[in-house]
Amino acid sequence: MSTPYDHKAIEAKWQDRWEKTRAAEVDLRQAHGKTYMLMMFPYPSGDRLHVGHGRNYILGDALYRFLRMNGKRALNPMGWDAFGLPAENAAIQRGVHPRDWTVANIKVMKEQFRRWGILYDWSKEIASCFPDYYRWNQWLFLRMLESGIAYKKMAPVNWCPSCRTVLANEQVVDGACERCGTPVVQRDLEQWFFRITDYADRLLAGLDALEGWPEKVKVMQRNWIGRSEGAEIRFEIPALKEPVTVFTTRPDTVHGATFLVLAPEHPLASRLIEGNPDREGIAAWTEQVRNTPRIQRSSEENPKEGRDTGALAVNPATGEEIPVWLANYVLPEYGSGAIMAVPAHDARDLAFARQEGLPVRLVYHLEEGETDPSGLTEPILHQGVIRGAPPFDGLADGPETIARFIAWIEENGWGRGKVVYRLRDWLISRQRYWGTPIPVVYCETDGMVPVPDDQLPIELPYDVEFTGREGNPLSRSRSFVETACPQCGGPARRETDTMDTFVDSSWYYLRFLSPRDAARMFDREIADRWMPVDQYIGGIEHAILHLLYARFICKVLHDFGMVGIEEPFQNLFNQGMITRFSEKSGRVEKMSKSRGNTVSPDELIDEMGADTERVYTLFIGPPEKDAEWSDEAVSGAYRFLTRVWRMLERLPEAPPTAPADADLERERHATIQRVTQSLQRFSFNTAVAALMELSNSLGRALEEKTASRLRCEEAFDTLLQLLHPLAPHVTEELWERRGYTESLLETSWPEYDETKLRRERIQL
RNA sequence: GCGAAAGUGGCGGAACUGGUAUACGCGCUAGACUUAGGAUCUAGUCCCGAGAGAUCGGGUUGGGGGUUCGAGUCCCCCCUUUCGCACCA
């Protein structure tokens, strides 16, 4: 009668033991052979984690255990990105205070991590919603304010009507709120920004050195930063006695500029239309364009609409007077919000010129002494003559030509070379309660006054009403709002906007290194020892949000002399999503609560154990790819573990001596090699396959009595060691039952003998 | 449209640097044990052909060309899918 595989009892026993021995704790002053691993900083939402979430943590834990068995002092901390909207919404809907709700959720999530058998260094635990963390957000904000990186301005901003707050550009996806999907609207508001655009070039250049990052993420960040080289050129407007500045990446086509187009929101627009008989009609149209939702406005399908201002500008290259138009396809926030239209060399300008019957002029190359060839193929193209321009070969083929034109334009005093970015400054203020209070006050006499460091932290008041009414609940807390001016002592009002939670997550990897330091944000000495993070594991959804902000803040901290490094994350691994068939949509989709296609780890763990979930999650496919969850296939992992379990009691069946010892020995070494190399390159699925093969071979050897007891035991012990990172509970239990007193996690990773592999290969 | 990644059995996938394609698992088929099993175990399972049979012959990695003694892997063209960007001047 064999001992049944009682995964419940085994897992409870080892989870308890790991917790008691605090197996994961690392002394930060020691860094020999160190590896700093980081999972994403999870938000403790009220929803239970599902097996799709598990992939990130299970993968990280498998890697962590593997590293430890290989003698690395691996730091694997976990903490909570605890501020955010769901907590506040829960307060409105269920009448629970955001803090209580968050604290309760953290407890639930910790229990889930425990049930997965994940070893975190809980001695380093942090939660961004407590003053001992967020006071450093405030401290950092003040330093950024002093150095001009943080500033306040009135600007058209993205407003989510459902979340009732502004959003950063990065949080607007396809014109809708990243969190709730509600289309955002534009509002003019005075808001706090971080000058991330000043770091655009460094953020771009830094990417090239990040060899351990997926190319995909780097491309996404490059696109988001959107650097364009070109020139700004001034076009005089005699009627205004003031020029309009345009930005172009094709200054070499300036001769072909037959009209100008300004965004309807352009600051000069109202003056340009002053003399126009239809002034009011144009103003009304402008208002209409301004109110067009962002998605529609910047879509290629959106019909181009424009109005002739009636004003004229002078093309500096030809001396010709050209009309000035307003049109919806020119965006106010990019470049200078105005373009020179060169219809012959730009598809959008051509479409607009044809629609409005505006002239088109081809710019082409004239050799010295050559006359204008005209007689062009396209009837719409007028003649093009280049006079006084520097010689160039071919149009716009090459930065050299463009550079020559920029130099020429600069010589003539018409403009200058210019680099423009798509990236906007990071809007960090939010009109919500559950976030870090921005540490400034407004005094009637002194105006805006930063809170002195010794008055930090500015704590969030607990006693606040969550009614769901318009406006930030914080602004209705009199005890919070009413304060004294730090300068004159007179009455003052606190800033009630709070910070974007992405500020919190931009530097948490540093706080893990000094989690309890009450005197400073973090200890530079420890940071220098442990930074950068050797391995970061998380989903692709953070490609241009968190990962861009964290790189930015790291550079800011570097410039403040607080860290030695400029890039926080050396290697980044993006695990793919777990998908499953959804009854709602009839399609295979990302596993999520709203789609109703989740699998609860609780039930799975009850039925087949956490080790089964771990092994299946790692076996399901290459971890960087999306993978479809199969309820049936999970049992394969369970059967495998059950077979391994039963094998222990079959070991004594092996004979003292046997003929095929060498085969099993060779396979043992081959498996060590395969698993080691697989884990090194994150190929967990093939590592599992190799272990299944060894287990099958060992089972066959026991069945057919072809290997000796000693070899079988050796093979079994090796199997347990190699399997431990993937299925820690059952392997620890079997290891103990084999009679070893040392924890399997504390053993060192088995080594393989290449000569054995080679000799056998020749024999084959 | 631009950029990136990828296309291998009924399914998830393996083959790392060019060297026995389809490892491992799911599913399926047959059998064993069972009162019964969605439990467990054993055998089989890319396609075509020959053979009672172990086995033997041929073909196959989206399609078409090429390089090579040798190509799933390298090069060229085409097709398809997924992802990212997209009126950014």
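Naming convention: chains lettered A, B, ... in sequence-line order (proteins, then strands); numbering from 1 in each chain. Both backbone and side-chain heavy atoms feed into the values below; hydrogens, waters and symmetry mates do not.
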### Query
When the nearest nucleotide of RNA chain B is assigned to A:Val688 and to A:Val420 on a heavy-atom basis, which residue is associated with the more 5' position?
A:Val688
### Query
Quick one: on RNA chain B, does A:Ile544 or A:Arg424 contact a more 5' nucleotide (nearest heavy atom)?
A:Ile544
### Message
Test of understanding: with side-chain contact (heavy atoms from CB on, under 4.5 Å), list the residues that count as partners of A:Asn56, not counting sequence neighbours.
### Response
A:Met39, A:Ile537, A:Gln575
Using atom [atom1] of each nucleotide, how far apart are [N] and [M] to the nearest Å?
N	M	atom1	result
B:A21	B:G31	P	34 Å
B:A14	B:G62	P	14 Å
B:G9	B:C26	C1'	13 Å
B:G38	B:U34	C1'	15 Å

### Task
State, without any angle test, whether A:Thr249 and A:Ser228 hold a side-chain donor-acceptor pair at a distance under 3.5 Å.
no
### Message
Can you tell me which nucleotide in B:C87, B:A23, B:C41 comes closest to the side chain of A:Asn328?
### Response
B:C87
### Message
Using a 4.0 Å heavy-atom cut-off to protein, can you give one letter per nucleotide of nucleotides 6-13 of chain B, 5' to 3': B if the base is in contact, S if only the sugar-phosphate is, - if neither?
### Response
------BS
### Range-with-range stems for RNA chain B, at least three Watson-Crick or G-U pairs under 3.5 Å
B:1-7 with B:79-85, B:10-12 with B:24-26, B:27-32 with B:40-45, B:46-50 with B:55-59, B:62-66 with B:74-78
### Query
What is the distance from CD1 of A:Ile339 to C1' of B:A89, rounded to the nearest Å?
5 Å
### Task
Could you check how far CD of A:Glu215 sits from C1' of B:C83, rounded to whole Å?
15 Å
Supply the atom-to-atom distance [X] [atom1] to [Y] [atom2], rounded to the nearest 0.5 angstrom.
X	Y	atom1	atom2	value
A:Trp749	A:Gln721	CH2	CD	8.0 Å
A:His7	A:Asp606	NE2	CG	8.0 Å
A:Lys218	A:Glu215	NZ	CD	4.5 Å

Backbone N or O of [Y] within a donor-acceptor pair of the [X] side chain at under 3.5 Å?
X	Y	value
A:His669	A:Asp753	yes
A:Asn315	A:Ala257	yes
A:Thr617	A:Arg55	no

### Query
Who pairs with A:Ser600 by side-chain hydrogen bond (donor to acceptor under 3.5 Å, both in side chains), at least two apart in sequence or on another chain?
none
### Task
Sequence neighbours left out, what passes side-chain hydrogen bond (donor to acceptor under 3.5 Å, both in side chains) with A:Tyr638? Give chain and number order.
none
Are OP1 or OP2 of [N] and a side-chain N or O of [X] less than 4.0 angstrom apart?
X	N	result
A:Arg674	B:A23	no
A:Arg422	B:A86	yes
A:Asn696	B:G25	yes

### Message
Base, sugar-phosphate or nothing for A:Gln677? Non-hydrogen atoms, less than 4.0 Å.
### Response
base
### Message
Mind checking if A:Val246 touches a base, just sugar-phosphate, or nothing, with heavy atoms under 4.0 Å?
### Response
nothing
### Query
Does the distance from a Lys or Arg side-chain N to an Asp or Glu carboxylate O, for A:Glu356 and A:Lys304, drop under 4.0 Å?
no
Return the polar atom pairs (N/O with N/O) between nucleotides 26-31 of chain B and the protein under 3.5 Å, or none.
unit_1 : atom_1 : unit_2   : atom_2 : d
B:C26  : OP1    : A:Arg639 : NE     : 3.0
B:C26  : OP1    : A:Arg639 : NH2    : 2.7
B:G27  : OP2    : A:Arg639 : NH2    : 3.3

### Task
May I ask you to check whether A:Trp426 and A:Phe193 place their ring centres under 6.0 Å from each other?
no
